[in-house]
J.: 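Before we start, here is the structure in question, set down as structure tokens.
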There are 2 protein chains.
Amino acid sequence: MLTELEQRILDAIRFHISQQGRSPTLVEIGAAVGVASKGTLHRYVQGLIDKGHLVRNHAGWRGLQLVEEEGADERGSLPLLGQIAAGLPIEAIPGHDKLNLMDFFMGPGRFILKVVGDSMIDVGILDGDMVVIRHAQQAYSGEIVVALIDGEEATLKRLKYLNDGRVKLIPENSTMQPFVYAAHRVRIQGVLVGQMRSYQ
Amino acid sequence: MLTELEQRILDAIRFHISQQGRSPTLVEIGAAVGVASKGTLHRYVQGLIDKGHLVRNHAGWRGLQLVEEEGADERGSLPLLGQIAAGLPIEAIPGHDKLNLMDFFMGPGRFILKVVGDSMIDVGILDGDMVVIRHAQQAYSGEIVVALIDGEEATLKRLKYLNDGRVKLIPENSTMQPFVYAAHRVRIQGVLVGQMRSYQ
DNA sequence: CTTGAAAGTTCTCCAAAAGTTCTCTATAGT
DNA sequence: ACTATAGAGAACTTTTGGAGAACTTTCAAG
């Protein structure tokens with residue numbers, strides 16, 4: 001249960017968001033409820049977070065978000081029945097009974113590219129597949145990335161940093177050869193986070 | 001969540017593109033929002049790219065492209081930027097600029113199975129992938145199906161009807177052999193309509 | 001093909017605003 | 001007396017917003 005001041009602070013936050021579209025600062029909350037001390041306000045806001053009425057959306061300013069109970073949104077979900085293997089019956093996956101396509105693929109800074117060519121065929125990325133890329137300038141060795149070479153050629157390859165500072169781009173196709181470039185010639189544009197294919 | 005200046009910069013870019021049909025330079029953005037330093041502007045534009053609100057369309061000047069915010073009704077969509085191939089720049093797909101995951105995968109009577117094993121590796125379905133299956137009792141020759149053999153073993157295989165009335169189930173893995181069954185022993189449970197994989 | 005202005009990138013420095021942590025005080029109810 | 005609530009404010013860290021120098025890259029004019 002909330003104290004009177006906690007309730008007023010929560011109401012003030014809700015009002016501010018409804019009016020301005022973004023959460024208030026501590027000082028703005030203070031002006032609304034008549035409390036001058038940032039420290040006091042912080043204590044109450046933290047209490048509301050601990051009690052589950054607020055969440056901190058992101059680090060930094062104006063990061064408060066109301067926890068309004070949402071109706072279960074089931075759009076984008078398909079039932080996840082279980083596993084299938086050669087020679088075994090379908091086996092239920094305990095706990096998981098639903099797979100949300102948006103949870104699976106969506107995220108900030110992502111986009112889709114259609115794959116042309118067979119250079120990644122050995123990791124199951126075929127001609128015509130869609131790949132989900134997360135925009136990024138950096139990547140770890142071993143990740144599959146969209147790399148721009150000399151600012152001209154964009155290509156999907158597995159990335160490897162060599163000890164001598166150069167960069168190796170490995171096509172996952174046993175009939176193709178890896179290429180090695182000086183680091184400054186290769187710019188990472190994104191990292192592979194998903195792949196999908198339609199058979200219809 | 002964007003800060004105030006990030007939001008103003010994004011609005012200024014959107015406005016400039018709507019007026020002039022091409023993205024603004026850093027200095028033009030600065031004139032619109034009242035910031036004199038190219039360095040500061042670059043920092044903010046880069047931040048918007050990292051957060052996924054912008055993408056750099058191509059190298060060079062005026063290469064910014066908006067990633068239009070999906071409204072609540074368009075959740076499940078990611079921007080479809082173009083094609084990628086070994087040795088070619090990313091090439092825009094005219095007309096297509098958005099791919100909706102739900103259009104791609106959702107449909108009546110569908111469910112998902114997690115793949116265990118390598119029996120379909122030659123068509124790019126790997127161990128751990130998720131496959132989308134449309135429930136069906138019939139399938140055409142050449143389709144990939146979930147088949148139940150003798151009411152006991154469920155398996156994902158390519159289906160082929162033989163002239164003598166029997167059924168051939170073909171694992172798409174060059175190290176495995178197809179099996180042939182009398183028709184009454186094989187019951188179709190569904191047809192493969194999609195496949196997806198997450199690399200996170 | 002050269003060249004230079006315009007554009008983009010990387011870096012350092014700075015300051016104000018916001019958030020965090022802490023101590024101190026006061027008052028009402030049990 | 002003890003506890004829960006309410007409040008002030010100092011001292012600190014982090015985030016945001018801003019300037020500009022020095023550099024590289026792009027692109028069009030000659």
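Letters go in sequence order (proteins before strands), and every chain restarts at 1. All values below were derived from every heavy atom in this structure, side-chain atoms included, with hydrogens, water molecules and symmetry-related copies excluded.
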J.: Expressed in angstrom and rounded to an integer, what is the separation of B:L5 atom CG from C:dA17 atom P?
T.: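 So the CG-P distance, B:L5 to C:dA17, works out to 15 Å.
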J.: Could you tell me the separation between the NZ atom of B:K51 and the P atom of D:dT15, rounded to a whole number of Å?
T.: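 Whole-Å distance recorded here is 11 Å.
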J.: Name the stems that DNA chain C belongs to, where each is three or more consecutive Watson-Crick or G-U pairs with both distances under 3.5 Å?
T.: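 Stem list for DNA chain C: C:1-30 with D:1-30.
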J.: In this structure, how many angstroms lie between the P atom of D:dC27 and the CZ atom of B:R22, rounded?
T.: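 Spelled out: CZ on B:R22 to P on D:dC27 is 12 Å.
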J.: Figure out the CD1/C1' separation between A:I29 and D:dA8, and round it to whole Å.
T.: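 In whole Å, D:dA8 C1' and A:I29 CD1 are 17 Å from each other.
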J.: Quick test of your reading: applying salt bridge (charged side-chain N to carboxylate O under 4.0 Å, His left out), list the pairs with at least one residue in residues 129-145 of chain A, sequence neighbours left out, ordered by first then second residue.
T.: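 Salt bridge (charged side-chain N to carboxylate O under 4.0 Å, His left out) check on residues 129-145 of chain A returns A:D129-A:R197.
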J.: Show which residues join B:Y140 in its hydrophobic cluster (side-chain heavy-atom contacts under 4.5 Å, direct or indirect), or state none.
T.: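 So far as hydrophobic clustering goes, B:Y140 is joined with none.
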J.: Is any side-chain N or O of A:S37 under 3.5 Å from a base N or O of D:dG9, one able to act as donor and the other as acceptor?
T.: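 Looking at the base of D:dG9, it does pair with a donor or acceptor on the side chain of A:S37 (distance under 3.5 Å).
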J.: When you check every protein heavy atom under 4.0 Å of nucleotides 18-25 of chain C, what one-letter string (B, S, -) results, 5' to 3'?
T.: BBBB----
J.: A:S174: what forms a side chain to side chain donor-acceptor pair (under 3.5 Å) with it, not counting sequence neighbours?
T.: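 Residues passing side chain to side chain donor-acceptor pair (under 3.5 Å) with A:S174: none at all.
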J.: Measure the distance from CZ on A:R185 to C1' on D:dT25 and round it to the nearest whole Å.
T.: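 Rounded to the whole Å, the gap is 16 Å.
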J.: Hydrophobic clusters join Ile, Leu, Val, Met, Phe, Trp and Tyr when side-chain heavy atoms are under 4.5 Å apart, directly or via other members; which others share one with A:L162?
T.: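 Hydrophobic cluster check, A:L162: joined to A:V180.
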J.: Do you reckon B:F15 sits in the same ILVMFWY cluster as B:L48, going by side-chain contacts under 4.5 Å, direct or chained?
T.: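 They do not share one cluster, since no chain of ILVMFWY contacts under 4.5 Å joins B:F15 to B:L48.
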J.: How long is the line joining OH of A:Y44 and C1' of D:dG7, in whole Å?
T.: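 Between C1' of D:dG7 and OH of A:Y44: 8 Å.
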J.: Could you list all the salt bridge (charged side-chain N to carboxylate O under 4.0 Å, His left out) pairs where at least one residue sits in residues 160-182 of chain A, not counting sequence neighbours?
T.: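 Residue pairs passing salt bridge (charged side-chain N to carboxylate O under 4.0 Å, His left out), neighbours aside: A:R158-A:E172, A:D164-A:R166.
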J.: Check whether any side-chain N or O of B:T3 sits under 4.0 Å from OP1 or OP2 of D:dT15, and answer yes or no.
T.: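 Answer is no, no contact under 4.0 Å.
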J.: To the nearest Å, how far apart are B:E6 CD and D:dT15 C1'?
T.: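 About 11 Å, once rounded to whole Å.
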J.: Quick one, A:I188 and A:L159 - any side-chain contact, counting heavy atoms below 4.5 Å?
T.: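 Yes, side chains in contact.
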J.: What pairs of residues pass the salt bridge (charged side-chain N to carboxylate O under 4.0 Å, His left out) test when at least one of them lies in residues 41-63 of chain A, not counting sequence neighbours?
T.: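 Listed by first then second residue: A:E6-A:K51, A:E28-A:R62.
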J.: Which other residues belong to the hydrophobic cluster containing B:L126, where Ile, Leu, Val, Met, Phe, Trp and Tyr are joined when side-chain heavy atoms lie under 4.5 Å apart, directly or via other members?
T.: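 So far as hydrophobic clustering goes, B:L126 is joined with B:I121.
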J.: Tell me: CD of B:E4 to C1' of D:dT15, nearest whole Å?
T.: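 After rounding, the reported distance stands at 14 Å.
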